[in-house]
Chemist: 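What follows is a single structure, and I will ask about it in a moment.
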2 protein chains.
Amino acid sequence: MSTTGRGLHGRVLDTLGPEITAGAYPPGSVLRTDELAQRFDVSRSVMREVVRVLESMHLVESRRRVGVTVLPAREWNVYDPQVIRWRLAGADRPRQLRSLTVLRSAIEPVAAGLAARNATAEQCAELTECALGMVANSRGHRLEGYLFHDMAFHRVILTASGNEMFARLGDVVAEVLAGRTHHDVMFEDPDPAAVTLHVQLAEAVRERDAARAERLTREITEGALQELDILAP
Amino acid sequence: MSTTGRGLHGRVLDTLGPEITAGAYPPGSVLRTDELAQRFDVSRSVMREVVRVLESMHLVESRRRVGVTVLPAREWNVYDPQVIRWRLAGADRPRQLRSLTVLRSAIEPVAAGLAARNATAEQCAELTECALGMVANSRGHRLEGYLFHDMAFHRVILTASGNEMFARLGDVVAEVLAGRTHHDVMFEDPDPAAVTLHVQLAEAVRERDAARAERLTREITEGALQELDILAP
DNA sequence: CGCGGATAAAAAGTCAGACTTATACGTCAC
DNA sequence: GTGACGTATAAGTCTGACTTTTTATCCGCG
């Protein structure tokens, strides 16, 4: 589940990264490499590597004679999967989930339209398989099984679009879907209407109906927006 | 212009990063830290920091007893601004430009719709100012001036949307616009229709007409797609 | 001939300490 | 008050030794 796991350096990162993204240090705060090394009981070499990684994520900035300065959230690389995970695990999780759901609502319809044009026969088959899996798990509190197929479904759509930028959002969408199922309200079985929409979407892609695929996906994502009480246009 | 500039570590990164994203080492290639350190004439400490950063971008993977393995492009963090710049500077620039333009066509209309709801009075003013600047530079080969206001315009839209994920794409869009003006065909003055659309968009946002703002932006981005010969739905 | 376990080698990982360099800040002269 | 100068500070760099993990090889046994 955790990503960096390996290495002493990764363990420090897994503590310090979430602290920063959680806002434990207000923007402009100054950390010193030596102090951090002492706190985590690692050598400066390791600490410097950690700082370099945080710097490449634009979470901090390292300057001579000053120290390691924490940057304002506006500067962060919010598309870095690591940063996304850290923020989703932190306090402003709801806020983050909203941002990402709005992003989904912009991306996925277009991706679905492209998928209808570019999907391979194999991808079409995967898609219908996932949709069937969703149907099969849509009743009787089989939330985990439903989630599994839901994540796979959207990942296939994004990949089949043929656009690498879209494909790379597969993990993010999966994270959002998982978050919705696990942490937020979702005690009951999923909305039957949503299930039907997914089945129809798989159908539309198979039949190369780009316009319909886009329209159906827009309905799906608007449902997701409404769940989070985000006003739909 | 260049980003990492500072530090010995940054200079090595500015050479090795572009090499990898350009595909100089096929996926699965193995690099050794010591050899790299020798090649760039830096100490292993510095080289290790470089490798750590590349690893956080998912360009490479470092494993004990094996070395530093180059990962397939599918794994790369393609939203990392650094990676985007490296790829735009490399050989598959056209491909990259297409991916990003498709991304724009998905994001910007939604962002414009949100901007119409959320933009502050100040942002509305900036928007009209940018649009006027575009008009003023739309004739007589004043491409640089036009580009400047065009970049600013889209940046304001993305920021005014109020969604941090959208806002963070400001740099990317700017890069795409700059790329179009500088490297690709754009000898003549910009399309008058596009200029008009921008003026109308600023108007729509000012008047809080979200639907119209979205529709106008869709027209703008479809124009961008057509310029690159990407089929529009 | 093939298989499994001991063994060795290779590369990253870690650490400690000394040295260099840039730079913010205070001081002093004007 | 302003400007030049010196100093303290924290990051940056280098070196060399040691540890750890993982892979490949080799050998003996079935």
Side-chain angles (χ1 to χ4, degrees), chain A residues 2-17 19-20 24-72 75 82, chain B residues 1-17 19-20 24-72 75-76 82:
Chain A
S2 123
T3 42
T4 4
R6 310 292 182 186
L8 194 42
H9 136 274
R11 246 170 295 159
V12 175
L13 206 55
D14 281 339
T15 304
L16 194 52
E19 280 185 9
I20 295 174
Y25 312 96
S29 303
V30 173
L31 311 171
R32 257 131 357 180
T33 310
D34 288 4
E35 285 183 10
L36 290 173
Q38 207 167 1
R39 173 184 158 197
F40 290 106
D41 196 38
V42 296
S43 66
R44 280 181 315 236
S45 335
V46 170
M47 205 57 224
R48 298 191 84 265
E49 292 170 23
V50 172
V51 170
R52 279 282 178 274
V53 172
L54 294 174
E55 202 175 20
S56 88
M57 296 169 172
H58 283 84
L59 297 183
V60 303
E61 188 189 35
S62 179
R63 282 170 57 197
R64 271 186 156 133
R65 160 72 209 218
V66 173
V68 178
T69 312
V70 177
L71 293 175
E75 300 279 349
Q82 186 100 287
Chain B
M1 214 48 110
S2 121
T3 41
T4 3
R6 309 294 182 184
L8 195 41
H9 136 274
R11 247 170 294 160
V12 175
L13 207 55
D14 281 339
T15 304
L16 194 51
E19 280 185 9
I20 295 175
Y25 312 96
S29 302
V30 173
L31 311 172
R32 258 137 353 198
T33 311
D34 288 3
E35 285 184 10
L36 290 173
Q38 207 167 0
R39 174 184 158 197
F40 290 105
D41 195 40
V42 296
S43 67
R44 281 175 313 236
S45 339
V46 169
M47 206 58 223
R48 299 190 84 266
E49 291 170 24
V50 172
V51 170
R52 279 280 178 276
V53 171
L54 294 174
E55 203 174 20
S56 87
M57 296 169 172
H58 284 85
L59 297 183
V60 302
E61 187 189 36
S62 178
R63 282 171 56 198
R64 272 185 154 136
R65 161 70 209 218
V66 174
V68 178
T69 312
V70 177
L71 294 175
E75 300 278 350
W76 299 350
Q82 185 99 282

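Chain letters run A, B, ... following the sequence lines, proteins first, then strands; residues in each count from 1.
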Chemist: Could you tell me how far apart B/Arg63 (CZ) and C/dA12 (P) are, to the nearest whole angstrom?
Modeler: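 After rounding, the gap between these two atoms is 12 Å.
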Chemist: Using whole Å, what does the distance between atom C1' of nucleotide C/dA12 and atom NE2 of A/His9 come to?
Modeler: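 Between C1' of C/dA12 and NE2 of A/His9: 13 Å.
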Chemist: So do the side chains of B/Glu35 and B/Arg39 get within less than 4.5 Å of each other, counting heavy atoms only?
Modeler: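 No - every pair of side-chain heavy atoms lies 4.5 Å or more apart.
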Chemist: Please pick, from D/dT13, C/dT23, D/dA11, the nucleotide with the shortest atom-to-atom distance to any side-chain atom of A/Ser62.
Modeler: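 When the side chain of A/Ser62 is considered, D/dA11 is the closest of D/dT13, C/dT23, D/dA11.
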Chemist: Can you list, by residue number, the residues of residues 24-50 of chain B that have a non-hydrogen atom closer than 4.0 angstrom to DNA chain C?
Modeler: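 Of all residues in residues 24-50 of chain B, the ones placing a heavy atom under 4.0 Å from DNA chain C are B/Leu31, B/Arg32, B/Thr33, B/Arg48.
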Chemist: D/dA11 C1' sits how many Å from A/Arg64 CZ, rounded?
Modeler: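 From A/Arg64 CZ to D/dA11 C1': 6 Å.
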Chemist: Hey, are the side chains of A/Val46 and A/Phe40 touching, using non-hydrogen atoms and a 4.5 Å cut-off?
Modeler: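 Of all side-chain heavy-atom pairs linking A/Phe40 with A/Val46, none is under 4.5 Å.
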Chemist: For the pair made of CG in B/Leu8 and P in C/dA22, what is the distance, rounded to whole Å?
Modeler: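 Checked: the CG to P distance equals 12 Å.
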Chemist: Can you tell me the distance, in whole Å, between the CZ atom of B/Arg11 and the P atom of D/dG12?
Modeler: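 So the two atoms are 13 Å apart, to the nearest Å.
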Chemist: A/Glu55 CD to D/dA10 P: how many Å, rounded?
Modeler: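 Taking CD of A/Glu55 and P of D/dA10, I get 18 Å after rounding.
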Chemist: Check the distance between C/dG13's C1' and A/Leu13's CG and give it to me in whole angstrom.
Modeler: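 Rounded to the whole Å, the gap is 16 Å.
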Chemist: Testing A/Val53, A/Val42, A/Asp14 one by one against A/His9 for a side chain to side chain contact (heavy atoms under 4.5 Å, CB included), which residue passes?
Modeler: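 The passing option is A/Val53.
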